[in-house]
Amino acid sequence: MTNPRILLEHYEIVPKKSLGQNFLHDPNALEKIATIAEIMPQDTVLEIGPGTGALTEVLAQRARHVIAVEVDTRLQPLLEARLGVYDNVVLMFADILETDVLKLVGSKPFSVVANLPYYITSAILRHLLENYRRPQKLVLTVQEEVAQRLVARPDDMSLLTVSVQFYGKARIAMKLNPAVFWPRPDVDSAVVVIETYDRPSINVPSSEAFFKVVRAGFSQKRKQLKNALGSGLGLSHEAAAGLLERAGIDPRRRAETVTLEEWAALTRVVG
Ligand code: SAM
């Protein structure tokens with residue numbers, strides 16, 4: 001019995017929209033996600049939100065260790081019954097955003113594979129990427145619109161795009177139709193792969209200094225950079241324009257057009 005609808009009915013659990021509970025029930029999609037993740041027998045995988053355990057089971061058959069963190073304790077009896085046969089799976093019932101991921105995974109390299117609860121996608125990305133030790137790879141099912149933002153190019157960048165591309169290379173590996181989930185979500189989904197860099201790909205004094213500048217640049221949507229940067233950093237627009245010019249960036253441009261290298265140059269000028 002692996003169909004999430006039947007399984008949940010059996011345990012008298014009604015999916016909660018507020019927890020982003022759309023369960024993957026298509027075996028092909030589950031297999032494809034595991035293939036995209038290129039899991040090796042020695043790998044440690046962190047799964048966020050195992051739900052009914054469908055993806056967890058596929059991961060358990062391929063990885064050395066699977067650590068699955070689920071916030072909804074109603075799922076505990078179901079998950080323990082389904083995954084009890086796998087001695088390489090550790091289940092933890094907690095909010096991922098309140099969890100010290102590095103303590104959980106130990107000192108070994110690890111990857112993250114998850115069909116994310118869409119309401120906290122950005123918060124989870126920050127929680128995982130802003131750690132001093134990051135997953136080597138993240139294979140994440142997200143809302144397609146968010147996937148497009150993660151892989152966006154200059155002209156279409158957002159604070160989320162810059163944040164993710166600062167830490168790694170992102171690509172869309174597959175799109176998923178709402179029909180592969182139960183209950184069906186209102187939006188299309190996509191599987192994104194983020195391969196993190198060992199070292200930052202750009203030269204900045206610190207990630208804090210970089211993000212201070214980038215956040216200031218994006219602080220006022222659709223405004224020219226000199227205005228947004230000035231307000232964000234508490235400078236006059238003239239002073240901000242001077243900094244931008246020294247970094248080789250036209251002060252009239254908008255934040256969504258700026259490349260990572262240009263943000264880095266600006267960070268170095270701001271000091
Ligand atoms: N992995 C399952 C699948 O593919 O069918 C379920 C995916 S469902 C989109 C998201 C899961 O994340 C749900 O099981 C939900 O309860 C869980 N979840 C929601 N918020 C969470 C949080 N803050 N921490 C951990 N799990 C969370």
Side-chain angles (χ1 to χ4, degrees), residues 1-11 13-37 39 45-63 66-83 86 89-101 103-105 111-128 135 138-147 173-192:
M1 185 167 61
T2 54
N3 180 304
R5 188 172 58 78
I6 299 170
L7 208 47
L8 289 168
E9 269 171 20
H10 180 78
Y11 284 87
I13 298 170
V14 178
K16 280 192 187 165
K17 220 176 170 172
S18 63
L19 288 179
Q21 291 185 337
N22 302 97
F23 302 103
L24 255 176
H25 63 73
D26 182 311
N28 284 332
L30 290 162
E31 281 296 322
K32 273 193 195 152
I33 291 173
T35 305
I36 288 166
I39 297 161
V45 179
L46 170 69
E47 188 194 5
I48 298 160
T52 61
L55 183 58
T56 326
E57 195 162 27
V58 176
L59 299 173
Q61 287 159 1
R62 299 178 184 227
V66 179
I67 302 154
V69 181
E70 172 59 61
V71 76
D72 188 352
T73 49
R74 297 178 307 161
L75 295 163
Q76 187 162 358
L78 181 162
L79 282 168
E80 285 176 353
R82 182 170 191 174
L83 300 168
Y86 297 99
V89 175
V90 173
L91 288 170
M92 190 177 156
F93 292 88
D95 180 341
I96 188 67
L97 298 177
E98 304 286 321
T99 303
D100 182 340
V101 168
K103 257 199 194 144
L104 261 193
V105 298
S111 326
V112 173
V113 182
N115 172 15
L116 287 185
Y118 294 169
Y119 73 108
I120 44 169
T121 301
S122 305
I124 291 178
L125 280 167
R126 275 203 305 277
H127 189 58
L128 296 171
L138 300 94
V139 178
L140 306 174
T141 304
V142 299
Q143 200 173 322
E144 195 194 343
E145 188 205 315
V146 174
M174 160 168 82
K175 298 203 177 160
L176 289 172
N177 188 288
V180 299
F181 300 92
W182 182 85
R184 276 172 82 123
D186 302 328
V187 292
D188 288 335
S189 301
V191 178
V192 175

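Counting convention: from 1, in listed order, for ligands and their atoms alike.
- By the 4.5 Å heavy-atom criterion applied to side chains, Ile67 and Leu46 are counted as neighbours.
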Taking distance alone, no hydrogens or angles, what donor-acceptor pairs closer than 3.5 Å link side-chain atoms of residues 28-35 to residues at least two apart or in another chain?
unit_1: Glu31; atom_1: OE1; unit_2: Arg62; atom_2: NH2; d: 2.5
unit_1: Thr35; atom_1: OG1; unit_2: Glu31; atom_2: O; d: 2.9

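- Annotation: the span from Thr52 atom OG1 to Leu7 atom CG amounts to 6.0 Å, rounded to 0.5 Å.
- Taking the side chain as every heavy atom from C-beta outward, Pro117 and Ile124 approach each other to under 4.5 Å.
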Would you list the atom pairs, donor with acceptor, under 3.5 Å between side chains in residues 175-185 and any protein atom, with sequence neighbours excluded?
unit_1: Lys175; atom_1: NZ; unit_2: Glu144; atom_2: OE2; d: 3.2
unit_1: Asn177; atom_1: OD1; unit_2: Ala179; atom_2: N; d: 2.9

For ligand 1, output the ligand-protein N/O contacts shorter than 3.5 angstrom; if there are none, return none.
unit_1: ligand 1; atom_1: 1 (N); unit_2: Glu47; atom_2: OE2; d: 3.3
unit_1: ligand 1; atom_1: 1 (N); unit_2: Gly49; atom_2: O; d: 2.8
unit_1: ligand 1; atom_1: 1 (N); unit_2: Pro50; atom_2: O; d: 3.4
unit_1: ligand 1; atom_1: 4 (O); unit_2: Asn115; atom_2: ND2; d: 2.9
unit_1: ligand 1; atom_1: 5 (O); unit_2: Leu24; atom_2: N; d: 2.8
unit_1: ligand 1; atom_1: 14 (O); unit_2: Gly51; atom_2: N; d: 3.4
unit_1: ligand 1; atom_1: 14 (O); unit_2: Glu70; atom_2: OE1; d: 2.7
unit_1: ligand 1; atom_1: 16 (O); unit_2: Gln21; atom_2: NE2; d: 2.9
unit_1: ligand 1; atom_1: 16 (O); unit_2: Glu70; atom_2: OE2; d: 2.6
unit_1: ligand 1; atom_1: 20 (N); unit_2: Tyr119; atom_2: OH; d: 3.0
unit_1: ligand 1; atom_1: 23 (N); unit_2: Asp95; atom_2: OD1; d: 2.9
unit_1: ligand 1; atom_1: 24 (N); unit_2: Ile96; atom_2: N; d: 3.0
unit_1: ligand 1; atom_1: 26 (N); unit_2: Val71; atom_2: N; d: 3.4

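- Listed by chain and number, the residues in a salt bridge (charged side-chain N to carboxylate O under 4.0 Å, His left out) with Asp186 are Lys17 (sequence neighbours excluded).
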